[in-house]
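In what follows, chains are A, B, ... by sequence order, proteins preceding strands, each numbered from 1.
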Amino acid sequence: MAAEKGKMLIIDGLKARVAEKEILHGLDLVVKPGEVHAIMGPNGSGKSTLAQVLAGRESYQVTGGRVSFEGEDLLSLTPEQRAARGLFLAFQYPVEIPGVGNMYFLRTALNSLRKARGEEELDAIDFLSVAKEKMKLVEMDPAFMNRSVNEGFSGGEKKRNEVLQMAVLEPKLAILDETDSGLDIDALRVVAGGVNALRSPDRAMIVITHYQRLLDYIVPDFVHVMAGGRIVRSGGRELALELEEKGYAEVRRGPAEARP
Amino acid sequence: MIRFEESVRAALAVRDGAEPGWLQGLRRRAGERFLAQGLPTTRHEEWRYTSLAGLAQLAFEHRPAPASTAPAPGGEPGCRLVFVDGAFRPDRSRLAGLPPGLRVTSLAAALASEPDRLEARLARGGAFEEHPFGALALALARDGALVEVPSGLKVSEPIELLFLHTGAEPRAAHYLSLVSAGEGSALTLLERHAGEGAAPTLTNSLLEVVAGPGAEVEHLRLQEEGPAAFHLGLLALRQDAKSRVASRSVSLGGALARAETRALLAGEGAECVLDGLYLGRGRQLLDQVVHLDHQSPRCTSRERFKGILDGESRGVFSGRIRVREGAQQTDADQVSSSLLLSDDAQADARPQLEILADDVKCSHGGAIGQLSEEALFYLRSRGIDRAQARSLLTYAFASELVERIRPAALRAAARRGVMARLPGGALLAEAA
């Protein structure tokens with residue numbers, strides 16, 4: 001797959017199904033380094049399916065289209081290979097893994113990525129200093145590192161843990177799936193602060209959200225509206241405000257509806 | 001005739017004339033009992049999932065190997081009794097610096113020096129004559145451990161019982177061990193079974209533990225026998241009022257291994273914790289059997305069993321809880337779950353409740369499943385490859401039971417054994 005210059009992610013006519021139900025019906029999206037794209041849309045529009053398909057969830061079957069990530073065919077890679085290439089998904093529902101320590105998990109993940117990239121692995125002591133630094137970013141109590149992954153964490157703690165992982169793993173492309181769901185305003189502020197601190201000219205982000213509220217904190221460069229498994233409208237930040245005002249039904253009837 | 005039984009018959013014919021008459025009688029009755037029943041088959045309810053057809057084909061040497069009687073080397077503190085091929089090995093054991101009053105010796109030594117003191121205790125072992133291997137242990141065991149903790153003594157260091165097979169020839173090692181913890185005493189007991197060598201072996205161990213009123217006993221049995229081993233371990237537990245016993249079993253080795261526990265909650269307010277972790281691979285059969293008898297009121301029992309089964313291995317859990325008529329306010333909870341790592345592995349669980357009292361809380365639950373696809377994806381999405389993600393989650397499943405083992409030294413020993421058996425376990429060395 002030929003890399004188009006300056007484009008990190010190219011999604012072209014992506015179709016996917018889960019359990020015999022087609023959810024993505026030909027989705028197109030282009031993301032360049034440094035950009036933050038917000039994808040908004042009502043429940044059931046396929047936002048989370050897009051996130052899962054990009055991360056490589058095997059229970060989702062791609063039935064058409066192509067995805068290129070830095071010139072490489074993303075869909076041919078395993079989830080762990082995608083992670084090693086620099087893709088990161090912050091889960092809407094982070095998984096609880098009793099019996100696996102959070103610190104160990106994070107270090108294993110980081111070292112897996114480093115190993116895949118031919119870099120030296122970090123020992124426990126070096127890792128600790130990296131982790132401590134990043135924990136400040138999401139104002140996380142160090143006690144959480146000694147607990148099992150996400151086990152018994154509140155909704156807000158789980159989301160902080162996702163952003164912490166993102167901070168430690170330093171992806172090129174981060175997909176945040178409904179990172180705002182279940183957060184009160186204080187937690188939202190902390191999580192968004194963490195995300196903003198990770199914005200950089202080399203790093204792109206796709207922020208999936210149902211509400212425009214998150215976009216007050218993480219200000220996107222582009223806003224896309226998803227409906228029925230494809231992107232039906234794209235625009236700048238003002239599109240989010242329009243959505244807030246008029247609701248999804250109204251915006252869907254906008255000009256993009258005419259697109260094939 | 002079945003070769004195994006033939007070899008037992010030959011062993012029974014050799015009588016030890018030095019033993020007192022009562023013991024010879026006990027052994028004769030137990031031996032006759034075994035021969036009358038023969039090896040159990042899968043037609044027996046208790047052995048439905050555990051076929052001994054392979055064992056039946058094997059003729060063993062049942063008499064202990066002649067061993068050195070050199071005394072234990074002095075100096076090194078700690079308490080470890082080592083048994084090899086059916087006999088106590090003083091030269092490999094450590095028995096220095098024991099607290100006053102604590103008696104730790106071999107059964108053979110105790111029988112030689114003061115046999116009559118053991119008469120009542122061993123006669124009670126007659127209760128196991130109905131159990132084929134209990135009977136066999138009574139008939140043939142020449143050795144085992146004898147541990148007596150006097151009332152009020154809290155023994156801080158673990159007492160280790162190590163049972164080894166050299167595996168040089170087809171051999172059965174029969175052991176009869178008696179442990180008693182007096183009123184208000186405390187004891188930590190590590191029971192380890194290991195083996196090397198290629199020859200088929202049988203370990204047949206009957207361990208009786210009596211916890212006196214208010215006594216606290218922590219028991220870990222770690223079974224790491226070789227691949228050609230048959231292991232039949234029977235723990236007979238009797239608890240007096242307000243005693244607290246935790247017996248945790250980690251079953252890793254053997255071609256066929258059965259860890260059986262018969263617990264009698266004889267005194268009011270006793271608390272019993274029974275954990276069992278078993279890891280099968282290849283064609284191993286790992287069988288866990290628990291008979292829990294709530295005889296007195298206000299006793300608590302907690303059973304947690306977990307199997308991790310790979311290859312074509314098979315795991316069985318049979319747990320019977322019986323609440324007797326007067327045992328009001330019994331609180332019994334049993335959970336048995338299994339993780340199947342391959343399509344050819346198999347798990348069977350058979351909970352049985354028999355409740356004859358009306359004011360009780362009894363529950364059982366559990367599941368047989370596979371690794372969570374969701375959790376695997378979560379780990380892989382962070383860059384952890386599939387194999388490592390699987391071993392991480394597999395260890396996580398086991399860790400709930402491993403982490404409960406006390407004290408730390410025993411926990412570390414169990415953890416090492418478990419990790420060594422897990423696919424990719426070496427990668428996990430720092431996970432815990």
For this session: Would you name the heavy atoms of Leu113(A) and Gly383(B) that are closest together and state the gap between them?
Result: CD2-CA, 3.7 Å
Problem set entry | Phe377(B)/Phe91(A) under ring-ring contact (aromatic ring centres under 6.0 Å, His included): CA gap, chis, key distance, verdict | CA-CA 11 Å; Phe377(B) 176 60; Phe91(A) 280 55; 5.7 Å; yes
For this session: Would you mind telling me which of Gln165(A), Gln52(A), Arg82(A) has the largest number of heavy-atom pairs within less than 4.5 Å of chain B?
Result: Gln165(A)
Exercise. Checking side chain to side chain contact (heavy atoms under 4.5 Å, CB included) for the pair Tyr93(A)/Tyr378(B): CA distance, chi angles, key distance, verdict?
Worked result: CA-CA 10 Å; Tyr93(A) 302 109; Tyr378(B) 190 67; over 6 Å; no
Exercise. Do Ser112(A) and Gln388(B) have side-chain heavy atoms sitting under 4.5 Å apart?
Worked result: yes
Exercise. Any salt bridge between Arg57(A) and Glu374(B), counting N to O under 4.0 Å?
Worked result: no
Problem set entry | Part of residues 126-136 of chain A lying next to chain B, heavy-atom separation under 4.5 Å | none
Exercise. For the atom pair CD1 (Ile384(B)) and CZ (Phe105(A)), what is the distance rounded to the nearest 0.5 Å?
Worked result: 5.5 Å
Problem set entry | Over 12 non-hydrogen atoms of neighbours within 6.0 angstrom of CD in Gln370(B) | no
Exercise. Is atom CZ of Arg17(A) surrounded by more than 12 heavy atoms (other residues, nucleotides or ligands) closer than 6.0 Å?
Worked result: yes
For this session: Would you check, one step at a time, whether the test side chain to side chain contact (heavy atoms under 4.5 Å, CB included) holds for Glu373(B) with Ser59(A)?
Result: CA-CA 9 Å; Glu373(B) 203 50 52; Ser59(A) 48; 6.0 Å; no
Exercise. Given a strict heavy-atom distance threshold of 4.5 Å, which part of Glu162(A) is in contact with chain B: side chain, backbone, both, or neither?
Worked result: side chain
For this session: Measure Ala55(A) against the heavy atoms of chain B and call it side chain, backbone, both or neither at under 4.5 Å.
Result: both
Exercise. Taking atom CG of Asp141(A) as the centre, does the number of heavy atoms from other residues, nucleotides or ligands within less than 6.0 Å exceed 12?
Worked result: yes
Exercise. Taking Leu376(B), Leu393(B), Leu379(B) one by one, which has the highest count of heavy-atom pairs under 4.5 Å against chain A?
Worked result: Leu379(B)
For this session: Let me know if Pro171(A) has heavy atoms under 4.5 Å from chain B in its side chain, its backbone, both or neither.
Result: neither
For this session: Over all heavy atoms of both residues, which pair between Ser381(B) and Ala83(A) is shortest? Give the atoms and the distance, please.
Result: O-CB, 3.4 Å
Exercise. For Leu89(A), does its backbone N or O pair with a side-chain atom of Arg382(B) as donor and acceptor, under 3.5 Å?
Worked result: yes
Seminar exercise, completed: If one checks every heavy atom of Asn146(A) against chain B at 4.5 Å, the contacting part turns out to be neither
Problem set entry | Side-chain heavy atoms of Arg386(B) within contact of Thr78(A), under 4.5 Å | no
Exercise. If you count the non-hydrogen atoms of other residues, nucleotides and ligands that lie under 6.0 Å from CD in Glu157(B), is the total more than 12?
Worked result: no
